[in-house]
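Notes to accompany the following structure.
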Amino acid sequence: MTAPNQPVKVTVTGAAGNIAYSLLWRIGAGEVFGPDTLVDLTLMDIPDNVQKVDGVAMELSDSALNKICNLHVTDDAQKAFDGTNAAFLVGAKPRGKGESRADMLEANGKIFIDQGRSINDHAADDVRVLVIGNPANTNTYIANKAAPDVGPEHFNALMRLDHNRTISMLSQKLDEHSSRFESIAVWGNHGDTMFPDIEYATVGGQPVKDRVERDWYVEEFIPRVAKRGSEIIEVRGRSSAASAASAAVDHMRDWVAGTEGKWVTSAVVSNGSYGVDEGLVFGLPVIGINGRWSVVEGLDLNEFQRERIDANIEALRAEAEIADKLF
């Protein structure tokens, strides 16, 4: 990613928020880029939040994390992404009361067009951009479109949280440790249509689909994965910030270091695989190899899978139509 002994330049937006508060210490502890890699960390937020970010920076300094070699705070996107090798785009405008999804997309479009352009003009050639702020897939679509000089392979949306939730729920259902599950895939959009797929999944080498009831899988499991965030808000009274941060750590670590042949889920800019429109940002099964994602190709899809995947394509097409009007 960088020359040996050179620090990785990392940018985290929305740095005053709860996800960043759970994420920053793990970056500083070496959990993302490895125990032998220093990080030059930039915290970015809107001007009204800079004082809060200064407080976060004070706490990071007080933690004496031995992987942080430099720490910066800014509200300027051009400064924030200057030379950055890895960007966690956490900050996004949530959907307000009475707002339509189109309203939310328009508000976020302004944010991610600006950040995409700054990444295009100032980031390092090897930059990896992980969008966490929702609607993550379409925010990634916008940022990628705003950065025409940066290859689409440099932009991802976070769907590792959905992947981890899928494994967790199966683990509880089957009373099996999460490490025993293989070949999990979550297709599509980080939204209500997402499709956690167990057609190829195994646990301890045995097919998962042979160990769960079909009705439970279709009627309970699939919608519960999609609505898990809302369930946590209802129970805890707050959003799932820590698990989102943990998924971001997993995603970036595996993007950099690889997955040793194991499938994970990443929302990548589509090249047309599985009938997904080129350019849409779509959750797919991938393997991390040599610092890049390789889509798991050649899977045979049955009618049920095809129907669920097509529903996600339609949802993301509709969002992309709204996003395209912002340019």
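Keep in mind that this is a model prediction, so the values were computed, not measured.
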Check whether any side-chain heavy atom of Phe81 lies under 4.5 Å from a side-chain heavy atom of Thr42, and answer yes or no.
no
Taking the basic N atoms (NZ, or NE/NH1/NH2) and the acidic carboxylate oxygens, is any pair closer than 4.0 Å for Arg317 and Asp277?
yes
Between Thr13 and Val90 (side chain of the first, backbone of the second, donor and acceptor by atom type, cut-off under 3.5 Å), is there such a pair?
yes
Donor-acceptor under 3.5 Å (Thr74 side chain, Asp76 main chain):
yes
About how many Å separate CG of Leu38 and CD1 of Ile68, when rounded to the nearest 0.5 Å?
10.0 Å
If you look at every heavy atom in Leu23 and Ala245, which pair is closest and at what distance?
N-CB, 3.8 Å
Give a yes or no on whether Leu161 and Trp263 share a hydrophobic cluster (residues Ile, Leu, Val, Met, Phe, Trp, Tyr; joining criterion: side-chain heavy atoms under 4.5 Å apart).
no
Quick one: pull up NZ in Lys262 and CD1 in Ile184 and give me the separation to the nearest 0.5 Å.
12.0 Å
Heavy-atom neighbours of Gln305 CD exceed 12 at 6.0 Å
yes
Are more than 12 heavy atoms from other residues, nucleotides or ligands located less than 6.0 Å from atom CG of Asp62?
yes
Distance check, rounded to the nearest 0.5 Å: Lys209 atom NZ versus Arg214 atom CZ?
8.5 Å
Got a sec: does the CD of Gln51 have more than 12 other heavy atoms crowding it under 6.0 Å?
no
Assess whether side-chain contact (heavy atoms from CB on, under 4.5 Å) is satisfied between Leu170 and Phe221, documenting all intermediate values.
CA-CA 9 Å; Leu170 289 172; Phe221 174 76; 4.0 Å; yes
Do Ile27 and Val39 pass the side-chain contact (heavy atoms from CB on, under 4.5 Å) test, and can you show the C-alpha distance, the side-chain angles, and the key distance before you say yes or no?
CA-CA 8 Å; Ile27 295 172; Val39 294; 4.3 Å; yes
ILVMFWY network linking Ile322 to Val281, side-chain heavy atoms under 4.5 angstrom:
no
Got a second to check how far Lys93's NZ is from Ile111's CD1, nearest 0.5 Å?
8.5 Å
Could you check whether Lys145 makes a cation-pi contact with Phe327, meaning its NZ or CZ is under 6.0 Å from the centre of the six-membered ring and within 45° of the ring axis?
yes
Treating Asn144 as the side-chain partner and Thr140 as the backbone partner, does any N or O pair qualify as donor plus acceptor under 3.5 Å?
no
Is Arg253 salt-bridged to Glu31, cutoff N-O under 4.0 Å?
no
Quick one: are Leu174 and Phe181 in side-chain contact, heavy atoms under 4.5 Å?
yes
Applying the 4.5 Å side-chain criterion to the ILVMFWY set and letting contacts propagate, would Val269 and Leu105 be lumped into a single cluster?
no
Using a strict cut-off of less than 4.0 Å between a Lys/Arg side-chain nitrogen and an Asp/Glu carboxylate oxygen, indicate whether Lys79 and Asp82 qualify as a salt bridge.
no
Any side-chain heavy-atom pair from Val218 and Arg308 closer than 4.5 angstrom?
yes
Above 12 or not: heavy atoms from other molecules or residues under 6.0 Å from CD of Glu260?
no
So, applying side chain to side chain contact (heavy atoms under 4.5 Å, CB included) with Arg128, which one of Asn85, Val256, Val10, Val8 is it?
Val256
Show your working on side-chain contact (heavy atoms from CB on, under 4.5 Å) between Leu24 and Leu41 and close with a plain yes or no.
CA-CA 9 Å; Leu24 291 165; Leu41 189 56; 4.0 Å; yes
Over all heavy atoms of both residues, which pair between Phe155 and Ala147 is shortest? Give the atoms and the distance, please.
CZ-CB, 3.8 Å
Applying side-chain contact (heavy atoms from CB on, under 4.5 Å), run through Phe112 and Leu326 and close with a yes or a no.
CA-CA 11 Å; Phe112 286 90; Leu326 304 176; over 6 Å; no
Which atoms form the tightest heavy-atom contact between Ala15 and Asp45, and what is the distance?
N-OD2, 3.1 Å
Between Glu297 and Ser273, which heavy-atom pair has the shortest distance, and what is it?
OE2-OG, 2.8 Å
Are any of the side-chain heavy atoms of Ser118 and Asp114 separated by less than 4.5 Å?
yes
Is the CG atom of Asn120 crowded by more than 12 outside heavy atoms at less than 6.0 Å?
yes
Is Leu299 reachable from Trp293 through a run of I, L, V, M, F, W or Y residues, each pair having side-chain heavy atoms under 4.5 Å apart?
yes
Check: Ser178 side chain, Ile167 main-chain N or O, donor-acceptor pair, under 3.5 Å
no
Okay, side chain of Thr84, backbone of Lys9: is any donor-acceptor separation there less than 3.5 Å?
yes
Around atom CG of Asp125, are there more than 12 heavy atoms from other residues, nucleotides or ligands closer than 6.0 Å?
no
Ser240 side chain near Arg165 side chain, heavy-atom distance below 4.5 Å:
yes
Would you indicate whether the side-chain heavy atoms of Tyr217 and Ile222 approach each other to under 4.5 Å?
yes
Side chain to side chain, His251 and Phe88, heavy atoms closer than 4.5 Å
no
Hydrophobic cluster membership, Ile113 vs Ile46, 4.5 Å side-chain cutoff:
no
More than 12 heavy atoms of other residues, nucleotides or ligands under 6.0 Å from OH of Tyr21: yes or no?
no
Only one of Phe304, Tyr200, Tyr274 passes ring-ring contact (aromatic ring centres under 6.0 Å, His included) with Trp187; say which it is.
Tyr274
If you measure from CG on Leu89 to CG on Asn156, what distance do you get to the nearest 0.5 Å?
11.0 Å
Backbone N/O of Glu176 and side chain of Ser171: donor-acceptor pair under 3.5 Å:
yes
Could you report the tightest heavy-atom contact between Thr138 and Leu316, atom names first, then the distance?
OG1-CD2, 3.9 Å
Salt-bridge present (Arg306, Asp310; N to O < 4.0 Å)
yes
Side-chain donor-acceptor contact under 3.5 Å, Asn312 with Asn189
no
Tell me whether Ser61 contacts the main-chain N or O of Ala57 through its side chain, where contact means a donor paired with an acceptor under 3.5 Å.
yes
If you measure from the Lys or Arg side-chain nitrogens to the Asp or Glu carboxylate oxygens, is any gap between Glu213 and Lys173 under 4.0 Å?
yes
CD (Gln115) and CG (Asn139) are apart, to the nearest 0.5 Å, by 9.0 Å
Classify the side-chain pair Ser266/Trp255 by whether it contains a donor and acceptor separated by less than 3.5 Å.
no
With heavy-atom distances below 4.5 Å as the criterion, would you say the side chains of Met159 and Asn137 are in contact?
yes
Presence of salt bridge, Arg160 and Asp254, under 4.0 angstrom:
yes
Heavy-atom pair of closest approach, residues Pro196 and Thr166:
CB-OG1, 3.5 Å
